[in-house]
> 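The structure is given below, and queries will be raised subsequently.
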4 protein chains.
Amino acid sequence: MTRESNTGGDKYHRILNAAVRVFARQGFFQSTVSQVAREAGVADGTIYLYFKNKEDILVQFFSYRARQVFDDFKIAVDRAESAFGKLKCLIDRHLATFQEDRHMAVVYLSEIHQISRVAEPQIRAMSQRYADIVASIVECGQQEGSIRENLNLGLVKRMIIGAVDEVISTWLHAENEYDLTSLADPLADLLMHGIGSAAFGHARR
Amino acid sequence: MTRESNTGGDKYHRILNAAVRVFARQGFFQSTVSQVAREAGVADGTIYLYFKNKEDILVQFFSYRARQVFDDFKIAVDRAESAFGKLKCLIDRHLATFQEDRHMAVVYLSEIHQISRVAEPQIRAMSQRYADIVASIVECGQQEGSIRENLNLGLVKRMIIGAVDEVISTWLHAENEYDLTSLADPLADLLMHGIGSAAFGHARR
Amino acid sequence: MTRESNTGGDKYHRILNAAVRVFARQGFFQSTVSQVAREAGVADGTIYLYFKNKEDILVQFFSYRARQVFDDFKIAVDRAESAFGKLKCLIDRHLATFQEDRHMAVVYLSEIHQISRVAEPQIRAMSQRYADIVASIVECGQQEGSIRENLNLGLVKRMIIGAVDEVISTWLHAENEYDLTSLADPLADLLMHGIGSAAFGHARR
Amino acid sequence: MTRESNTGGDKYHRILNAAVRVFARQGFFQSTVSQVAREAGVADGTIYLYFKNKEDILVQFFSYRARQVFDDFKIAVDRAESAFGKLKCLIDRHLATFQEDRHMAVVYLSEIHQISRVAEPQIRAMSQRYADIVASIVECGQQEGSIRENLNLGLVKRMIIGAVDEVISTWLHAENEYDLTSLADPLADLLMHGIGSAAFGHARR
DNA sequence: TATGAATGAGAATTCATTCAT
DNA sequence: AATGAATGAATTCTCATTCAT
């Protein structure tokens, strides 16, 4: 009965995309189902043929749309050779994807906490996906000797995703436009080598 | 009825604290003014003697409560000597403060995007405050030679605050309790030296 | 899906029977056309090929189905010889019919008042039919001397149908099952001879 | 928190009475909360200060208003001496009460089946109250010899209440007004002595 | 005939805010 | 200052009905 099997997924995706636009503009709770319907060019009631309720639109968004985005990161990362290359690639894809779909970026960054109460599993799945990618990068780097041993993987993952999300968030709220992806390499460099000077060496070791 | 945490304050603070508790529990938009009033032990109408409207409670929270927290960071950082010490101190204070006031942490992390539409200036002020602290640390480090030159200060600030926020966020959603501050040093180390191995040196330079 | 009770009938009767089942379960106003359609195994739109609107299903039910039931009473009553026999027969048929079709019983007893606003004529027709039967029984009884003269026929009819309906209604809401028809004779006896003792005779006369 | 303790029970009873009028006119399901509010001269939202929801209005009606009516019957019956007198008294009060408050009568007769799904206990309580009254009449009659032994009390109660309700129901739907209470004595007589002629005697005995 | 996706009017309910006390 | 009853606009969601296929 779920409508992925819709004729071409037409209305379903029209509504989903419209919803993301509206939510990005006004926030989830300040958006009305009517607004989403109008933006999608359907009647109010039509929404409920495809979504259980207003919240379900957000859940579906995170379940399918955003999740798939994270899956794509994996593919991109696998193409790079070195750990550093992979890291740059991950961050670049992350930044590029969100830059390409600003609406999704806004909704992802603003509403994920709201939705986490109801769609905890989906959120965890995305988070885990990211953690897996980071783990694979770290492992690769440790094998080639470019990444140090004894890392707290979870912490590394949190640092990376936190840094990237914050970079995106700042970009979203910036007054003047600028190219987000141009920050991929500098950020990857920072994450790889830290802010410390090489001269001082690694304090701990 | 709840009077335990009535920190001797007047009605204004009683309401503000009650609101943070309620908002943390249910989210801003899913909380009602009545709930805040009940939690504060005042009548619904009383809220409006101290706050312009529901949203204003959140704005006041960010204007005074959260902002002051960021101000405190500055003081703590100034006490440390080395740049690395300052960084650890900043992160430690950040983590400790949010660990001590979980309600504030939830509201800060969840609702800041909602409020940003209406309280952009306050948000910017906090952000700028953090940027200043980071800048002072970097400057200090560069003078003592422990932090490299040519850093994109804004990017460094975003990396740090993003990493810390993500660490806090993960802690908030974790199933089992753990000590957040114990992550301060490991995280500071990561930010300082990156995940790369010293052996490889700084690729770029 | 439910096809068991599809009494070989065409769509019209399939829908009508399905509707009675659904209405009995949930009440007319709390039932949806979709539910009736699903129960009947047809598409929503198909309902409207056979019925003017939702209400019309109920009207048709009372027009044809329930009405026919009352017609059957007449036939049964005519077979009995004595007035008392006829009365017992009427009540027995009444109880037996409703016991056999519990769904109809529920709808008849619960929804007749709702429908009376729109299908007054049908209701009156059924009521008149019952009044006629009662009148024929009374007439028969008066001829054979078993029923007293000077009866308010309308009142007698109301007493009988009221008593029987109430007996059925109680049975419907009873917690444990019991045989409804076993109450036919006791009730007929009560209606025939009243609750007074013979010794006291008829007070009035 | 329940609002019986309202200042004079003002709004609460205004709404309850308005609701009964509206429900009587249109039926419960075809009445809107807005209509009740308008009839009561209050805002829509005010309804919800006194009633949990629309259905609760009906439940409260049956819980307090109608139930009390049944309680009154008891008092009236106790005043009469003979069993026959008590019976006439019961029926007279029953008819008079409903004649005096036509709205209540309509709602009671039309909506009791709807509400029984949700307020089974209240309905049972009223029914039991009536059964008790009937039982006391019968017992009294049996002691004085005016009512026969071996009666199925439950059946007698169902016959009486069914007959009375049907008489009221017919009166409600009648085209021309007539005095309902004038039927009390004839009906009591019928219930007491049945429709049979004294000459024929009691078949069973 | 039959379908069932789409519609959109309509209803219940909530809740921020006001204001008489 | 404080109260909390009252308001009514706004919102979500339902569902009878239609109509293109």
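For clarity, every value in this text was computed on a predicted model and none was experimentally measured. Only this structure's heavy atoms are used, side chains among them; waters, hydrogens and symmetry mates stay out. A note on names: the letters A, B, ... follow the listed sequences, proteins ahead of strands, and every chain is numbered from 1.
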> Anything under 30° is parallel, anything over 60° is perpendicular, the rest tilted; go ahead and classify A:F23 against A:F28.
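It falls in the perpendicular class, over 60°.
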
> What's the CD1-P distance between D:I15 and F:dA5, to the nearest Å?
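Answer to the nearest Å: 13 Å.
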
> Which whole-number value in Å describes the distance from B:F29 CZ to F:dT12 P?
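Value for this atom pair: 13 Å.
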
> Counting only N and O atoms by type, is there a donor-acceptor contact under 3.5 Å from the side chain of D:R21 to the main-chain atoms of D:H103?
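It does not hold such a pair.
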
> When you measure from the side chain of D:V33, which nucleotide among F:dT12, E:dA12, F:dA16 comes out closest?
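Shortest atom-to-atom distance from the side chain points to E:dA12.
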
> On the 0 to 90° scale, with breaks at 30° and 60°, tag the C:Y108-C:F70 ring pair as parallel, tilted or perpendicular.
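Tilted, since the angle between the ring planes falls between 30° and 60°.
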
> C:F28 has an atom CZ; how far is it from atom P of F:dA16, in whole Å?
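About 8 Å, once rounded to whole Å.
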
> Can you identify which nucleotide, out of F:dT7, E:dG4, E:dT1, has its nearest atom closest to the C:L49 side chain?
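Closest nucleotide among those given: E:dT1.
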
> Verify, without hydrogens or angle tests, whether A:E39 (side chain) and A:V22 (backbone) share a donor-acceptor contact under 3.5 angstrom.
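No; judged by distance alone, with no hydrogens or angles, the pair does not exist.
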
> 5'-most contact on DNA chain F: D:V42 or C:Q30, nearest heavy atom basis?
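It is D:V42, whose closest nucleotide lies nearer the 5' terminus.
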
> Would you say F:dT7 has OP1 or OP2 under 4.0 Å from some side-chain N or O of D:Y48?
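Indeed not, no polar side-chain atom of D:Y48 lies that close.
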
> Choose from F:dT3, E:dA16, F:dG4 the nucleotide whose nearest atom is closest to any side-chain atom of B:K54.
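Nearest nucleotide to the side chain: E:dA16.
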
> Just the rounded figure in Å: distance from P of F:dT14 to CD of C:Q35.
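Nearest whole value for this atom pair: 12 Å.
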
> Mind calculating the distance between CZ (C:R38) and C1' (F:dC15) to the nearest angstrom?
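Rounding to the nearest Å, CZ of C:R38 and C1' of F:dC15 are 12 Å apart.
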
> Of B:S34 and C:D44, whose nearest nucleotide on DNA chain E comes first from the 5' end?
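Taking each residue's closest nucleotide, the earlier one in sequence belongs to C:D44.
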
> For residues A:D44 and A:A37, report the shortest heavy-atom separation together with the two atoms involved.
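Answer, listing the atom of A:D44 first, then A:A37: OD1-CB, 3.6 Å.
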
> By nearest atom, which of the nucleotides E:dA16, F:dC15, F:dC13 is closest to the C:T32 side chain?
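My answer, after comparing the listed nucleotides, is F:dC15.
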
> Checking B:N53 side chain against B:D56 main chain: does a donor-acceptor pair fall under 3.5 Å?
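Between the backbone of B:D56 and the side chain of B:N53 there is a qualifying donor-acceptor contact (under 3.5 Å).
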
> Does E:dT7 have OP1 or OP2 sitting under 4.0 Å from an N or O in the side chain of A:T46?
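Checking A:T46 against E:dT7: at least one side-chain N or O falls below 4.0 Å of OP1 or OP2.
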
> Which of the following nucleotides, F:dA6, E:dA2, F:dA1, is nearest to the side chain of C:K11?
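Selected nucleotide (nearest to the side chain): E:dA2.
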
> Choosing from F:dC15, F:dT7, E:dT7, which nucleotide comes nearest the side chain of D:A43?
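When the side chain of D:A43 is considered, F:dT7 is the closest of F:dC15, F:dT7, E:dT7.
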
> Of all the base pairs, Watson-Crick or G-U under 3.5 Å, which form stems of three or more consecutive pairs involving DNA chain E?
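Counting only runs of 3 or more consecutive pairs, the stems involving DNA chain E are E:2-21 with F:2-21.
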
> Does D:S127 use its side chain to pair, donor to acceptor, with the backbone of D:I123 at less than 3.5 Å?
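Flag not set: sc D:S127 to bb D:I123 has no pair under 3.5 Å.
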
> In whole angstroms, how far is the P atom of E:dG4 from the CG atom of A:D10?
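That distance rounds to 19 Å.
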
> Could you give the CG-to-P distance, from C:N53 to E:dA9, as a whole number of Å?
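The distance from CG of C:N53 to P of E:dA9 comes to 19 Å, rounded to the nearest Å.
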
> Got a second to check how far D:K52's NZ is from D:Q60's CD, nearest 0.5 Å?
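Going from the NZ atom of D:K52 to the CD atom of D:Q60 covers 9.0 Å.
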
> Nearest nucleotide by nearest heavy atom, which residue falls closer to the 5' end of DNA chain F, C:S31 or B:Y50?
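On the 5' side of the pair lies B:Y50.
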
> Rounded to whole Å, please give me the gap between CG in B:D56 and C1' in E:dA16.
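After rounding, the reported distance stands at 14 Å.
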
